[in-house]
Amino acid sequence: MQPSQKQSIPSNGSQRFYDQPVQEPVSHCMSPIPNSDPHAWSYDNSRRTHPSAPTFEQHCTLESSSGTSSGFVHYSSSSVSFSPNGSPVSQPDSHTFPADPQQSPDNTCGSPVSVSCLTDDIDDLRHKIRELETAMLGPDADILDGSSITNPVGAKNPIPSEAEKWKQMMEMISRGDLKEVLCACARAIADNDMFTAEWLLSALRQMVSVSGEPIQRLGAYMLEGLVARLASSGSSIYKALRCKEPAGAELLSYMHLLYEVCPYFKFGYLSANGAIAEAMKDESQVHIIDFQIAQGSQWVTLIQGLAARHGGPPQIRITGIDDSTSSYARGGGLDIVGRRLARLAESCKVPFEFNAAGISASEIQLEDLGVRHGEAIAVNFALVLHHVPDESVSSQNHRDRLLRLIKSLSPKVVTLVEQESNNNTAPFFHRFLETMNYYGAIFESLDATLPREHRERINVEQHCLAREVVNIIACEGAERVERHELLGKWRSRFTMAGFTPYPLSPLVNATIKTLLENYCEKYTLEERDGTLLLGWMDRVLVASCAWR
């Protein structure tokens, strides 16, 4: 990342889903988009016609020439970004999405997609399909039935599969089925069919929009991920894509807005705090270890609640684990968080101490935690463990190592809040589908609160959600830091580390039900085996549970 202050931020940190600083797995500029004419044709040595290969226009600084193995891919210094109506346009040195969707468009072929974006009318579409059939089947195709080929004895054979595939793709594009086209493109990439992938990417340019319907907005970032995956992979992804990021204060304001308009994050705070308050109700010395403290906002309500505890407040010490990305969003180090919480505790007459651990969660060792004899320990894993690499990434398996380390402290309670998604070890295409379904529900829920024309909505989605989407799709190995697992897998990990479930109290459930009354009725809350599950309609999105 290259923030406006020229501050360098490492890309190995974590991003929180709520009002927390955002991680840096990949950039948010619009990645290279292929330019192609699906009706241009070339002839190869086998005397078979094919659509001429589209080319990529790379607008981010490329420091690696790894690219893709396909001979079709080429790079240039021009750039591609979204016009205000959602369609990508070439612009020199343009690195960000437009913040104001009301600006006059430069490209009139925007979203939602219609047949007119690809053809002037249905007759033109039929004509283009006929051209494609002619190219696939040869010059005599115009005298044949478009759905069959007649052999010399009059029997009908089906159209060759290659021609049928292209015809189906043309029809899919003409009816504007964005999900189908995205999936077809991802499948082509998974199958290493670079020619088809590049051709579909050029069509997707006309179908996505950062100011359109939820699937069009999500599609814009999924498209960015697909192009980034083709442009570079593995350890070179960060070198290949370098784009301008918002200033720290702007980034923090976007996260605060997302925190206010979606209940997912408050749900995580309240459920975890409720479990900690219940476990510490009789303790005089409380040590909270937060593995991603960010702004420290989670602990405001807990400190206030413990201050009003019958018999007086306990002595509270908080160890805040952090990384440099959070410092960027805050505009400073952990001392800012410590001073803020200390002022709050003083106003509530609560004895308080703050222990700063400016290090990423995966690097934590026992000596970093500052554990003292006689303290009752609570550990908070709120939307952070999925950033810690496991056995599929490194033989060190920091994910399970951390759980064993925490178990050795004999904590009173350990809280876990995680996205209910399965993309950790899934192969690329299945991971792509899971990302579409999971984030599709989140983008739909944003429509219930933020109007389509809201000036800041694009910034919220781009800087708070899109980097996760792009990282999941574009990156592999250690560079893919977004590695979510389902609740069942987390249960297995905690059980193997020696933990037992700590059911959340009915009071926590009632509090969260009251919280949801302030949001759209399509949000759902379910309790299952002591775990709270928050969802949007029929899709569970966040799970919260506690262990001891």
Exercise. Is it the case that more than 12 heavy atoms not belonging to Lys407 sit under 6.0 Å from its NZ atom?
Worked result: yes
Exercise. Name the one of Arg399, Gln292, Arg483, Glu482 that satisfies side chain to side chain donor-acceptor pair (under 3.5 Å) with His387?
Worked result: Glu482
Exercise. Rounded to the nearest 0.5 Å, how far does CG of Leu226 lie from CZ of Phe428?
Worked result: 5.5 Å
For this session: Please tell me if the side chains of Val208 and Leu178 come closer than 4.5 Å, counting only heavy atoms from C-beta onward.
Result: yes
For this session: Decide yes or no for Asn355 and Ile318: does some side-chain heavy atom of the first lie under 4.5 Å from some side-chain heavy atom of the second?
Result: no
Exercise. Looking at side-chain heavy atoms only, is the closest gap between Ile316 and Glu353 below 4.5 Å?
Worked result: no
Exercise. Do side-chain atoms of Asp193 reach the backbone of Ala188 as a donor and acceptor pair under 3.5 angstrom?
Worked result: no
Exercise. Is it true that a side-chain atom of Glu375 and a backbone atom of Arg372 form a donor plus acceptor pair closer than 3.5 Å?
Worked result: yes
For this session: I would like to know whether Glu213 and Arg217 meet salt bridge (Lys or Arg N to Asp or Glu O under 4.0 Å); could you show each step before the answer?
Result: CA-CA 6 Å; Glu213 297 178 359; Arg217 305 197 311 265; over 6 Å; no
For this session: Would you mind reporting whether Thr319 and Val371 have side-chain heavy atoms less than 4.5 Å apart?
Result: no
Exercise. If only atom types and distance count, is the side chain of Thr449 paired as donor or acceptor with the main-chain N or O of Leu446 below 3.5 Å?
Worked result: no
Exercise. Going from CZ on Arg431 to OG1 on Thr435, what distance comes out if it is rounded to the nearest 0.5 angstrom?
Worked result: 7.5 Å
Exercise. Under 3.5 Å, is there a donor-acceptor pair between the Tyr439 and Glu468 side chains?
Worked result: yes
Exercise. Any chance the rings of Tyr264 and Tyr523 have centres within less than 6.0 Å?
Worked result: yes
Exercise. Is it true that a side-chain atom of Asn380 and a backbone atom of Val414 form a donor plus acceptor pair closer than 3.5 Å?
Worked result: no
For this session: Say whether, by atom type as modelled, one donor and one acceptor occur between the side chain of Glu420 and the main chain of Leu487 under 3.5 angstrom.
Result: yes
Problem set entry | Check ion pair Arg339-Asp335 (N to O, under 4.0 angstrom) | yes
Exercise. For the side chain of Glu434 and the backbone of Asn422, is there at least one donor-acceptor N/O pair under 3.5 Å apart?
Worked result: yes
For this session: Taking Asn437 for its side chain and Leu433 for its backbone only, find out whether a donor-acceptor pair lies under 3.5 Å.
Result: yes
Exercise. Just wondering, do Tyr254 and Glu456 contact through their side chains at under 4.5 Å, heavy atoms?
Worked result: yes
Exercise. Does the pair Arg401/Glu391 count as a salt bridge with the N-to-O cut at 4.0 Å?
Worked result: no
For this session: Taking the side chain as every heavy atom from C-beta outward, state whether Asp529 and Arg491 have any atom pair closer than 4.5 Å.
Result: yes
For this session: Please confirm whether Tyr502 and Phe494 have ring centers closer than 6.0 angstrom.
Result: no
Problem set entry | Nearest non-hydrogen partners of Ala441 and Arg539, listed with the distance | CB-CG, 4.1 Å
Exercise. Of all residues at least two apart in sequence or in a different chain, which pass the side chain to side chain donor-acceptor pair (under 3.5 Å) check with Ser392?
Worked result: Asp390
For this session: Enumerate the residue pairs fulfilling salt bridge (charged side-chain N to carboxylate O under 4.0 Å, His left out) with a member in residues 410-419, sequence neighbours excluded, ordered by first and then second residue.
Result: Glu283-Lys412
Exercise. Side chains of Ile359 and Asp368: closer than 4.5 Å at any heavy-atom pair?
Worked result: yes
For this session: Taking the side chain as every heavy atom from C-beta outward, state whether His256 and Leu252 have any atom pair closer than 4.5 Å.
Result: yes
